[in-house]
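Residue indices begin at 1 and follow the sequence shown.
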Amino acid sequence: MEFVSHMQAALDEARAAAGRGEVPVGAVVVSPVGAVVARAGNRTRELHDPTAHAEILAIRAACETLGQERLTGHDLYVTLEPCPMCAAAISFARIRRLYYGAADPKSGGVAHGARVFAHPQCHHAPEIYDGIAADAAEGLLREFFADRR
């Protein structure tokens with residue numbers, strides 16, 4: 001099967017999140033055959049929920065759609081390096097591959113900070129591909145925060 005990136009769909013979700021006044025992060029869950037199963041953008045402010053990160057919402061929606069708590073064989077595309085909470089959820093969901101755009105040296109949990117997947121307590125670590133459409137993802141974040149300063 002030929003590789004097809006779904007980062008553009010994640011970027012679309014990030015733009016929609018920014019339009020709602022949320023930090024522009026978007027995520028997409030893709031099935032083993034390449035079909036988009038779920039997509040989401042940040043909704044922490046809208047839902048008054050600190051756990052309503054794009055990754056968490058997309059994983060929840062995919063699990064609901066599929067009627068299962070694990071997403072074995074599924075891939076996750078997200079515009080920003082997941083935080084430790086989201087990295088743990090990715091592990092618990094048994095995501096096969098994680099593709100992310102912008103690095104997050106301040107709050108990341110994959111390549112920075114907690115490095116959740118590197119801990120011996122981590123039961124499952126996905127394959128990780130970083131820097132996918134990083135310039136576009138970083139641009140959305142820069143623009144969003146520049147407007148608020």
Practice problem: Could you walk me through whether Tyr100 and Ile132 pass side-chain contact (heavy atoms from CB on, under 4.5 Å), step by step? | Solution: CA-CA 6 Å; Tyr100 71 85; Ile132 311 297; over 6 Å; no
Exercise. Carefully, step by step, assess Cys86 and Ile56 under the rule side-chain contact (heavy atoms from CB on, under 4.5 Å).
Key: CA-CA 6 Å; Cys86 292; Ile56 300 291; 3.8 Å; yes
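- Within a 6.0 Å radius of CD in Glu64, no more than 12 heavy atoms belonging to other residues, nucleotides or ligands are found.
- Considering every non-hydrogen atom in both Ala54 and Val25, the closest pair reads CB-O, 3.4 Å.
- By the 4.5 Å heavy-atom criterion applied to side chains, Leu76 and Val28 are not counted as neighbours.
- The shortest side-chain heavy-atom distance between Val29 and Asp75 does not fall under the 4.5 Å cut-off.
- Partner of Glu13 under the salt bridge (charged side-chain N to carboxylate O under 4.0 Å, His left out) criterion, out of Arg39, Arg20, Arg43: Arg39 alone.
- Salt-bridge formation is not detected for the pair Arg45/Glu22: no Lys NZ or Arg NE/NH1/NH2 atom is positioned less than 4.0 Å from an Asp or Glu carboxylate oxygen.
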Quiz item: Does the pair Leu11 and Gln8 meet the rule for a side-chain contact (heavy atoms from CB on, under 4.5 Å), with working shown?
Solution: CA-CA 5 Å; Leu11 286 164; Gln8 189 57 52; 4.1 Å; yes
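- Remark: the Asn42 side chain and the Thr44 side chain contain no N/O donor-acceptor pair separated by less than 3.5 Å.
- Note: Leu66 CG to His74 NE2 = 4.5 Å, rounded to the nearest 0.5 Å.
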Quiz prompt | Working for side-chain contact (heavy atoms from CB on, under 4.5 Å), residues Thr79 and Leu140 | solution = CA-CA 10 Å; Thr79 58; Leu140 284 172; 5.7 Å; no
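- Put simply, the side chain of Val110 does not reach to within 4.5 Å of the side chain of Val116, judged on heavy atoms.
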